[in-house]
Structures are given as structure tokens and as C-alpha cells.
Student: 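I have a structure here, written as C-alpha cells, and I will follow up with some questions on it.
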Amino acid sequence: MHDIKSIRDDAPAFDAALARRGLTPVAAGLLELDARRRGLQTALQEALARRNEASKAIGAARAKGLDAQGLIDEVAALKERIRELEDSERAAASALDTTLAELPNLPAEDVPAGADERGNVEIRRVGAPPNFTFAPREHFELGEALGLMDFAAAAKLSGARFVVLKGALARLERALSAFMLDIHTGEAGYEEVAPPLLVKDDAVFGTGQLPKFAADLFRTGEGLWLIPTAEVPLTNLVRESILAEVALPLRFTALTPCFRSEAGAAGRDTRGMIRQHQFAKVELVAITTPEQSAAEHERLTRSAESVLQRLGLAYRVMLLCAGDMGFGARKTYDLEVWLPGQNAYREISSCSNCGDFQARRMQARYRPTGEKQTRFVHTLNGSGLAVGRTLVALLETYQQADGGILIPAALQPYMGGLDRIPPQAG
RNA sequence: GGAGGGGUGGCCGAGCGGUUUAAGGCGCACGCCUGGAAAGCGUGUUCACGGGAAACCGUGUCGGGGGUUCGAAUCCCCCUCCCUCCGCCA
């Protein structure tokens, strides 16, 4: 959510920033709505002030036993005008808010230009893609051959884009989750949270999925939303609050299932676990000051990267261009892991600095030490990591010619000491 | 799901149609006092929006939304959250 005042202050800069996202100018229309709203508000407030003044005089006159009929008539006449002004003011404010709520965040200055993923810039590459003496298979071939990954069974239960994991692969998902959480809650200092998976409209509005992306979410009959990411409950932990500066930064991590309708993804990644309606993810969220958020963004990204490094997975870090960023982000790094079966880098984490964009929607503020005025916090989030896709990368990276899967040393304690998933006998 | 009781500033807590400009207390900030501190005394202390160069002024805000009234923290209706009991339940 943008501050209309900042648009008032520099409309051309606002439109120029939106243009970097490929959007047409909107500032002029917004300012017109804003001027109308403020005019109505001033008129309303003047009417209310007069009503308050006259009502007080009526009370005083009554107390002295004087006649106040003239004042009573005046206020009665004001009532209708107040009602009209209230309705008009509300309509104007609502029109302005509706428009503002659907505008994405502005890209940071150091975000490269570009309309789509072809404009993204590679920042660094870590680890070398493994060499194989055989043609590496895709994860679903490996998983199904092991008899531990069953898409057909999932389809019977739930339809397309679900999977059933069994045995060592079910364990592997649990192991990866615990491994990631331990990394983030350890030296990185994130506090582990077990949040609700069903949330209200306000929460989903706060992080920016509503109102524009309702079609991407699942909604219960009772009107609650299944979280598409733990970013929603974790970030909303600070909604409508005023934090002391010394309490910042707040760093939260959570393992949750994530639910996405994938409405616009028909035909993409239809095979395998890459794109599912439900997947596990360990999320990282940080709440900090405007001064600290850029550094916090780097720190958060490094925490996510450290998971890949300890698992020995090759990856690259991409700085997203203005046209490829998500709705709430002002700057985003994507981590892309190497998938030997696909012979490609695929997104496994997206780490974004949202600036004060979500904080405004949530009314999440802090009070700088020694100051009276409050300011909006900056919010950041990133996957650390998508567990399902990590499992995919692990299978494809550590596959053996016989169909078995080696378990990286760092993960073995979480697998009960197992060092490889053996190929299915027979 | 049923019945009942509640929600007032950072916190506690009065107020239940009009000098309430939300009493009083705690906490916090600043000042006085002090060798220094405590105590004491004094002043200040919700948030948002609008107007203004500023000082400051105005409007709204007593869980949320409607209504009654010249006037609502106070009366009425709906919603929401918390607590107690009953029912159901991992």
C-alpha cells in the first residue's frame, strides 16, 4: 500500500517507478480522488465542529433553564448535511483505497530494468553441477521407481497436483524440514513459530495477496484462507502494533504446508513435485527498521543459501528485474537450484525486501528510540527453503546409476544415520 | 452448537445521556528538590486524518459496524474476540 502523501509530494517519480514494472501512469487520477476526498473531509469536519459546539451550548442552556429551541433546530438541520457528507467522503475514500490496494510496490533503485525473467541478473553461482556417467533422471522417475512417490494414489484422493510420499521419502521430507529449522534457529537466530494455517481476510490483505490475487488461494466455506506461504501468518504477527526500536529486528521461521490453487499455471510443470497445490516450506521473516532492511535482506538470503551449501546442492542467485518481481517486493533475490534431471536451474527460494509496503497495509510500526513519532517497519521474507523442491533437487543430484539415492552427510543424522536410500529390490 | 458474563489510553481502573477537556492510580519522559539517589512536588504522556510555514487549531477514536437523540463510552441492534458453565471432541 502506498502513502498517498508520497504520491502528492512527487507524482512524476511515482509514475516513473510504476513504469519500470510496465504499468501505465496513475498518479493524476489518484491525486484527483485524493483532492476530492480531502475537500469532502474538510467540509464534513466543519459541520461536525459546528454540531459539537451547538450541542454543548444546548446542554449549557438547559442547565440554566434557558430556551434552546433555535440551536436544536439548527443542529437538526445539520444532521442531513452531515449524513450526505459522510456518505460522499466514505465513497471517495473507498475509491482511493481500492485503487491504491491494487498497486504493486515500487522497485528499489538498484533493481535492474526488464519486463520478465529474461531481465534478471545473475549475482553469483555456488557449487558445480554434478557430472554423471549415465543420463540423470527426473525426480518423479526416481521416486516412482523407488516405489516411494505415488502421484496416482494422490490423484484418487485429491486430484492433480498432489503427491503421496512414503517410507524413506516421507522421512526425507521430515528430515529436510527439521534440518532447515535447526540451521535458522541456530546461529542465525530466527525464532521458531508454529502459526495458524487458516487466516482471515485482513491477514492476507496485509501481506498483499488480497485483494488482487484471491484466485490463487484456497478459501474455506467459513471464509478463512489457507495460507499460500507462512509469510502471511509470520509477517502479520506484528500487525496493528507499535514496537520499540530496541526490540528489532524480529526474526521468525516456520515450517508449514502451503496451499496454492495455481490458477494461472495450467499446463506448466504438470509432472512431478515442482508445482503442487500443497507443499511444505520453511519460511524466514524479518521485521526491521528502514535503515537496517537492506543489510537484513542480504543476511536473510545468506541464511537460505546456507541450507543449499550444507546439502551440497549447486545453485545460483538471481537479482530479479523490475518486471519480474512479486506484488509486494521492492527487491528480490531468487535462489535457483540445479536440477540435473531437467538440466536447468529452478527456483527454490525467493527472498524479498518489501520495505514499508506490507507494514502500511498491516499498520505495523515502531518507535525510534527517543522519538515521539512512529514509523512503519520494513518487512522481509524468504523461503529457507521450499522443502518439496529441495527434496526434488536432492533426488536428482544424488541419484546413482542403480536408482539409489545418496544422503548428504549433513542430513544423515536426521535420517537416523541412513547414508543412502537403496534402490527397490527386484 | 446452547446459556451467561465481559472488552475503556502503555498497564490497572472509575464513569452507564450534557462543565468528561475520559476521574484516579501505576508506568514512562522532563523539570524542581538532593553531595548523589530514593521519597516528595510540578509538567507532560493514545492513535489516525484534515487545515497551517510554524505555533497551533479542528475532526474522529472507549473491540468493530449500524441505529435512537439536538447531543452516546453511556440506550438499542448486528458482528467479533475473551472468560465461565453445558454439549460435542483429538
Side-chain angles (χ1 to χ4, degrees), chain A residues 1-9 30-101 194-206 210 219-225 233 236-248 250 257 356-377:
Chain A
M1 197 80 155
H2 297 289
D3 183 6
I4 187 66
K5 284 185 227 164
S6 71
I7 303 173
R8 240 183 259 157
D9 288 346
L30 288 171
L31 291 182
E32 200 178 308
L33 282 171
D34 177 51
R36 177 172 158 70
R37 194 199 98 247
R38 282 190 293 155
L40 287 164
Q41 186 180 27
T42 300
L44 172 63
Q45 289 183 355
E46 282 166 1
L48 288 170
R50 178 55 198 155
R51 184 196 67 185
N52 291 346
E53 189 181 31
S55 293
K56 203 168 289 183
I58 291 167
R62 285 255 173 106
K64 292 180 192 165
L66 299 173
D67 175 59
Q69 195 54 46
L71 288 167
I72 290 174
D73 292 345
E74 182 191 348
V75 179
L78 263 181
K79 255 182 104 168
E80 186 54 30
R81 175 164 169 74
I82 286 171
R83 194 184 302 270
E84 284 169 13
L85 285 169
E86 273 176 349
D87 289 347
S88 306
E89 196 270 345
R90 196 173 306 177
S94 161
L96 183 61
D97 287 345
T98 301
T99 311
L100 283 175
L197 309 180
L198 294 171
V199 297
K200 299 194 282 190
D201 290 357
D202 286 349
V204 194
F205 178 87
L210 286 185
R219 189 167 186 263
T220 70
E222 288 74 19
L224 292 171
W225 302 89
N236 276 282
L237 285 176
V238 299
R239 72 174 296 112
E240 292 165 49
S241 58
I242 299 173
L243 304 158
E245 183 173 13
V246 292
L248 302 175
L250 294 174
D356 63 7
F357 185 80
Q358 294 177 323
R360 278 180 201 289
R361 299 170 84 96
M362 297 188 300
Q363 289 299 307
R365 290 160 293 183
Y366 77 102
R367 195 185 308 280
T369 306
E371 284 185 32
K372 188 169 160 50
Q373 267 300 320
T374 59
R375 299 169 73 189
F376 288 105
V377 296

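Bear in mind the structure is a predicted one, so any value in this text is a computation, not a measurement. Every chain is numbered from 1, with letters handed out A, B, ... down the list of sequences.
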Student: Both A:Gln45 and A:Asp3 contact RNA chain B. Which one's nearest nucleotide lies toward the 5' end?
Tutor: A:Asp3
Student: Check the distance between B:G64's P and A:Asp201's CG and give it to me in whole angstrom.
Tutor: 19 Å
Student: Taking only distance into account, with no hydrogens and no angle test, what donor-acceptor pairs under 3.5 Å do side-chain atoms of residues 70-82 of chain A form with protein atoms, sequence neighbours excluded?
Tutor:
from	atom 1	to	atom 2	distance (Å)
A:Asp73	OD1	A:Gln69	NE2	3.0
A:Glu74	OE1	A:Arg50	NH2	2.7
A:Glu74	OE2	A:Arg50	NE	2.6
A:Glu74	OE2	A:Arg50	NH2	3.3

Student: Say we look at B:G13 and B:G65: how far apart would their C1' atoms be, to the nearest angstrom?
Tutor: 27 Å
Student: With a non-hydrogen cut-off below 4.0 angstrom, is A:Arg50 in contact with a base, only sugar-phosphate, or nothing?
Tutor: nothing
Student: In whole angstrom, give the distance that lies between atom CZ of A:Arg90 and atom P of B:U59.
Tutor: 19 Å
Student: Using the C1' atom as the point on both nucleotides, what is the distance between B:C32 and B:A39, in whole Å?
Tutor: 14 Å
Student: Generate the contact string for nucleotides 68-82 of chain B. Rules: B means base contact, S means sugar-phosphate contact only, - means no protein heavy atom under 4.0 Å.
Tutor: -BBS-----------
Student: Measure from the side-chain N and O atoms of A:Ser88 to the backbone N and O of A:Glu84, and report whether any donor-acceptor pair falls under 3.5 Å.
Tutor: yes
Student: Under the side-chain contact (heavy atoms from CB on, under 4.5 Å) criterion, do A:Trp225 and A:Asp201 qualify, and how do the steps go?
Tutor: CA-CA 7 Å; A:Trp225 302 89; A:Asp201 290 357; 2.7 Å; yes
Student: Could you work out the separation of B:C33 and B:G50 based on their C1' atoms and round it to a whole Å?
Tutor: 44 Å
Student: Would you measure the distance from the P atom in B:G58 across to the matching atom in B:U80 and give it in whole Å?
Tutor: 38 Å
Student: In whole angstrom, give the distance that lies between atom CG of A:Leu96 and atom C1' of B:G50.
Tutor: 14 Å
Student: Does B:U59 have OP1 or OP2 under 4.0 Å away from a side-chain N or O of A:Arg38?
Tutor: no
Student: Does a side-chain N or O of A:Arg365 approach OP1 or OP2 of B:C47 to a distance below 4.0 Å, or not?
Tutor: no
Student: How far, in whole Å, is B:C81 from B:C75 if one measures between their C1' atoms?
Tutor: 23 Å
Student: Nearest whole Å is fine: how far is B:A48 P from A:Gln41 CD?
Tutor: 14 Å
Student: Taking B:U46 as the reference, what is the distance to B:G27 when you measure between their C1' atoms (whole Å, please)?
Tutor: 15 Å
Student: Between B:C49 atom C1' and A:Arg36 atom CZ, what is the distance in whole Å?
Tutor: 18 Å
Student: Would you mind listing every side-chain hydrogen bond (donor to acceptor under 3.5 Å, both in side chains) that reaches into residues 237-248 of chain A, with sequence neighbours excluded?
Tutor: A:Asn236-A:Arg239, A:Glu245-A:Thr369
Student: In whole Å, measure the gap between the C1' atoms of B:G7 and B:C30 for me.
Tutor: 34 Å
Student: Search all heavy atoms of A:Leu248 against all heavy atoms of A:Leu243 and return the closest pair with its distance.
Tutor: CD2-CD1, 3.8 Å
Student: A:Asp202 has an atom CG; how far is it from atom P of B:G65, in whole Å?
Tutor: 12 Å
Student: Touch check for A:Arg8, heavy atoms < 4.0 angstrom, all strands: base, sugar-phosphate only, or nothing?
Tutor: sugar-phosphate
Student: Answer yes or no: is there a donor N or O on one side and an acceptor on the other, between the side chain of A:Arg361 and the main chain of A:Ala101, under 3.5 Å?
Tutor: yes
Student: Please compare A:Thr42 and A:Leu48 by the position of their nearest nucleotide in RNA chain B and report the one closer to 5'.
Tutor: A:Thr42
Student: Could I get the full list of salt bridge (Lys or Arg N to Asp or Glu O under 4.0 Å) partners for A:Asp34, not counting sequence neighbours?
Tutor: A:Arg8, A:Arg37, A:Arg38
Student: Can you name the residues that form a side chain to side chain donor-acceptor pair (under 3.5 Å) with A:Arg36, not counting sequence neighbours?
Tutor: none
Student: Dot-bracket for RNA chain B, please, read 5' to 3', with Watson-Crick or G-U wobble pairs under 3.5 Å on both distances, ( ) within the strand, [ ] crossing, | other strand, . unpaired.
Tutor: ((((((((.[[[..)..(.....]]]((((((.......)))))).(((((....)))))..[[[[[..)....]]]]])))))))....
Student: A:Lys56 has an atom NZ; how far is it from atom C1' of B:U19, in whole Å?
Tutor: 9 Å
Student: Sequence neighbours left out, what passes ring pair (Phe, Tyr, Trp, His ring centres under 6.0 Å) with A:Tyr366? Give chain and number order.
Tutor: none
Student: Not counting sequence neighbours, which residues clear side chain to side chain donor-acceptor pair (under 3.5 Å) with A:Asp87? List them please.
Tutor: none
Student: Name all residues meeting the side-chain contact (heavy atoms from CB on, under 4.5 Å) criterion together with A:Thr99; count only those two or more places apart in sequence or in a different chain, and write none if there are none.
Tutor: A:Leu30, A:Leu33
Student: Quantified in whole Å, what is the P atom distance between nucleotide B:G42 and nucleotide B:C26?
Tutor: 12 Å
Student: What is the distance from CD1 of A:Ile82 to P of B:G67, rounded to the nearest Å?
Tutor: 13 Å
